[in-house]
Amino acid sequence: MRIVFIGAGGHGKVCAEIAELVGYRDILFLDDDKELNACGKYKNVGKVNDFYKFADPSTSFFVSIGNANIRQRIQRSVEHAGGRIATLVHPDAVVSKDVAIGNGTAVMAGTVINSGTVIGSGVIVNTSSSIDHDCRVGDYCHVAVGTHLCGTVEIGECTWVGAGAVVSNNVSICEGCVIGVGTVVIANIKSAGTYVGVPARKK
Ligand SMILES: CC(C)(COP(=O)(O)OP(=O)(O)OC[C@H]1O[C@@H](n2cnc3c(N)ncnc32)[C@H](O)[C@@H]1OP(=O)(O)O)[C@@H](O)C(=O)NCCC(=O)NCCS
């Protein structure tokens with residue numbers, strides 16, 4: 001099975017390792033940065049727009065770019081061109097059977113995702129984070145390392161919940177927000193922006 005990653009940075013390296021663990025044997029990268037001729041032990045074989053050259057029934061694609069807007073744009077282009085997008089779940093993630101996960105989402109090692117939760121497309125559920133029961137995580141969000149979403153939390157599209165943040169139960173955060181490292185969100189956030197502190201305040 002072949003998988004072609006788009007984005008050869010550190011995030012790509014972690015995603016490729018998951019791909020190997022779940023059985024992909026042929027792992028390639030594409031990146032527009034000429035300096036990056038490899039991503040860890042995997043070869044960089046071309047530029048982002050070369051992806052169509054690799055599209056065949058035995059190939060999956062995965063966009064491993066941290067920036068949500070770029071990740072969204074490229075994933076949509078690949079999908080539009082008929083490319084199949086993989087979903088990558090680390091074997092050491094604990095994910096309830098009653099969880100839905102969209103295409104292009106990466107679930108890293110040490111995460112816990114509990115029953116009734118729906119995770120969108122192109123989401124990053126990063127290392128050692130937890131997402132409790134009945135949450136909704138919108139497309140292209142990033143739940144960063146060590147973050148905790150309590151039960152029945154909603155996160156809008158393209159929102160980045162920074163490392164070690166906590167979102168209290170039944171709280172909604174709208175789309176297009178950045179929640180800073182270590183922030184504690186205890187009330188709904190209804191307008192896009194950057195929020196930091198304990199409790200969270202708009203920056
Ligand atoms: C919130 C964030 C985006 C702000 O970045 P920025 O716009 O460059 O802001 P600055 O670093 O210039 O800081 C501006 C002010 O906000 C404060 N601030 C920044 N981040 C903060 C945080 N997480 N908590 C509390 N205060 C914070 C700074 O102390 C500074 O305060 P001052 O004006 O009184 O000196 C960034 O600090 C952050 O938390 N990013 C998330 C990173 C992350 O989660 N990475 C995980 C990768 S897996």
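Read the numbers this way: they start at 1 and go in the same order the structure lists the ligands and their atoms. All values reported here derive from a predicted model rather than from experimental measurement. Throughout, numbering of the chain's residues begins at 1 and tracks the sequence. Both backbone and side-chain heavy atoms feed into the values below; hydrogens, waters and symmetry mates do not.
In this structure, atom 5 (O) of ligand 1 lies nearest to the protein heavy atom Lys203 CE, 4.6 Å. The nearest protein atom to atom 19 (C) of ligand 1, hydrogens excluded, is given as Val196 CG1, 4.4 Å; this is a heavy-atom distance. In terms of protein heavy-atom proximity, atom 2 (C) of ligand 1 is nearest to Thr194 CG2, 4.5 Å. With respect to atom 44 (O) of ligand 1, the closest heavy atom belonging to the protein is Ala163 N, 2.8 Å.
The shortest distance between side-chain heavy atoms of Val185 and Tyr195 does not fall below 4.5 Å. Counting heavy atoms from C-beta outward, Ile65 and Ile74 have side chains that approach closer than 4.5 Å. Inter-residue side-chain proximity for Gln75 and Asn103 is flagged as met; some heavy-atom pair is nearer than 4.5 Å. Side-chain contact between Arg2 and Leu28 is present, with heavy atoms from C-beta onward closer than 4.5 Å.
Listed by number with element, the atoms of ligand 1 under 4.0 angstrom from any heavy atom of Gly180 are 1 (C), 23 (N), 39 (O). Of all atoms in ligand 1, listed by their number and element, those nearer than 4.0 Å to a heavy atom of Asn126 are 48 (S).
Protein heavy atoms are found inside the 4.0 Å sphere centred on atom 22 (C) of ligand 1. By the definition of a contact as any protein heavy atom under 4.0 Å away, atom 12 (O) of ligand 1 is not in contact. Distances from atom 39 (O) of ligand 1 to the protein include at least one heavy-atom value under 4.0 Å. Protein heavy atoms are absent from the 4.0 Å sphere centred on atom 34 (O) of ligand 1. Protein non-hydrogen atoms do reach within 4.0 Å of atom 48 (S) of ligand 1.
Taking CG of Leu36 as the reference point, atom CG of Leu30 lies at 12.0 Å (rounded to 0.5 Å).
Heavy-atom minimum distance, Ala165 versus Gly180: CB-O, 4.1 Å. Between Ile6 and Phe51, the shortest heavy-atom distance links the atoms CD1-CB, 4.1 Å. When all heavy atoms of Thr111 and Asn126 are compared, the closest pair comes out as CG2-O, 3.1 Å.
In this structure, Lys41 pairs ionically with Glu20, as a charged nitrogen and a carboxylate oxygen lie closer than 4.0 Å.
Of all the heavy atoms of Val178, the ones lying under 4.0 Å from any atom of ligand 1 belong exclusively to the side chain.
When only interatomic distances are considered, the shortest N/O to N/O separation between Gly162 and ligand 1 does not fall below 3.5 Å. Residue-to-ligand polar distances place Val181 within reach of ligand 1: an N/O pair is separated by less than 3.5 Å.
A donor atom on one side chain and an acceptor atom on the other are found under 3.5 Å apart for Asp132 and Asn114.
The closest approach between a heavy atom of Trp160 and any atom of ligand 1 is below 4.0 Å.
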